[in-house]
Amino acid sequence: QVQLVESGGGSVQAGGSLRLSCAASGYTYSSNYMGWFRQAPGKEREGVAEIYTDGGTTYYADSVKGRFTIAQDNAKNTVYLQMNSLKPEDTATYYCAARTTRGIWFPRLDSRNFNSWGQGTQVTVSS
């Protein structure tokens, strides 16, 4: 059974930093595709960043490019999201996602590319 457990959320002032972690278990981590999404109240879930765990290729939403970094630690089956220069508009619940099965591919940062989700961790950025 696939399990994704996020941690690292919290409250921070604008300009601050947070690092989110997503510990994965229950599947072959090393050859998969993982991502971070976020959802603010009253808004749709949006893709933030993605990484191929086999090779480390990354992709970012324009809104976070240059501020957020997705990275992996394959020895720990963990993916991180380092968030710097945080803005109030980054406030949301952040979700880790994994693609662990085969299927058709949708455009990058599309939630339909992922079949497993974590429970979410809250990030609040105050001005």
Enquirer: List the steps and the verdict of side-chain contact (heavy atoms from CB on, under 4.5 Å) for Val48 and Tyr60.
Expert: CA-CA 6 Å; Val48 174; Tyr60 297 92; 5.9 Å; no
Enquirer: Please examine the side chains of Arg38 and Val64, heavy atoms only from C-beta on, and report whether any two atoms are closer than 4.5 Å.
Expert: yes
Enquirer: Answer yes or no: is there an ion pair linking Asp62 with Lys65, defined by an N-O contact shorter than 4.0 Å?
Expert: yes
Enquirer: Please determine if Arg45 forms a cation-pi arrangement with Tyr95, meaning its NZ or CZ atom is less than 6.0 Å from the six-membered ring centre and no more than 45° off the ring axis.
Expert: yes
Enquirer: So, for Phe68 and Trp36, is the gap between ring centers shorter than 6.0 Å?
Expert: no
Enquirer: Quick one: are Val123 and Met83 in side-chain contact, heavy atoms under 4.5 Å?
Expert: yes
Enquirer: Taking the side chain as C-beta and beyond, is there a heavy-atom pair between Leu81 and Thr69 under 4.5 Å?
Expert: no
Enquirer: Quick one: CG on Asp73 to OH on Tyr80, what's the gap to the nearest 0.5 Å?
Expert: 4.5 Å
Enquirer: Within 45 degrees of the ring normal and closer than 6.0 Å to the centroid, is that where the cationic atom of Arg112 sits relative to Trp105?
Expert: no
Enquirer: Is there a donor in the side chain of Thr93 and an acceptor in the side chain of Gln122, or the other way round, less than 3.5 Å apart?
Expert: yes
Enquirer: What is the distance from atom CD of Glu50 to atom CZ of Phe37, rounded to the nearest 0.5 Å?
Expert: 6.0 Å
Enquirer: To the closest 0.5 Å, what do you measure between SG (Cys96) and CG (Leu4)?
Expert: 4.5 Å
Enquirer: Decide whether Ser25 and Asn77 meet the rule of one side-chain donor and one side-chain acceptor closer than 3.5 Å.
Expert: no
Enquirer: Look up atom CE in Met34 and atom OG1 in Thr100, then write down how far apart they are to the nearest 0.5 Å.
Expert: 9.5 Å
Enquirer: Under 4.5 Å between side-chain heavy atoms, counting indirect links through other Ile/Leu/Val/Met/Phe/Trp/Tyr residues: same cluster for Tyr94 and Val12 or not?
Expert: yes
Enquirer: How many angstroms lie between atom NZ of Lys87 and atom OG of Ser127, to the nearest 0.5 angstrom?
Expert: 13.5 Å
Enquirer: Following the transitive rule for hydrophobic clusters with a side-chain heavy-atom cut-off under 4.5 Å over Ile, Leu, Val, Met, Phe, Trp and Tyr, establish whether Tyr59 and Val79 coincide in one cluster.
Expert: no
Enquirer: For the CG atom of Leu86 and the OG atom of Ser11, what is their distance to the nearest 0.5 Å?
Expert: 11.0 Å
Enquirer: What do the steps show when you test Glu6 against Ser21 for side-chain contact (heavy atoms from CB on, under 4.5 Å), and what is the final call?
Expert: CA-CA 5 Å; Glu6 302 109 330; Ser21 300; over 6 Å; no
Enquirer: Does a side-chain heavy-atom distance below 4.5 Å link Gln82 with Leu18?
Expert: no
Enquirer: For the rings on Tyr52 and Tyr33, is their centre-to-centre separation under 6.0 Å?
Expert: yes
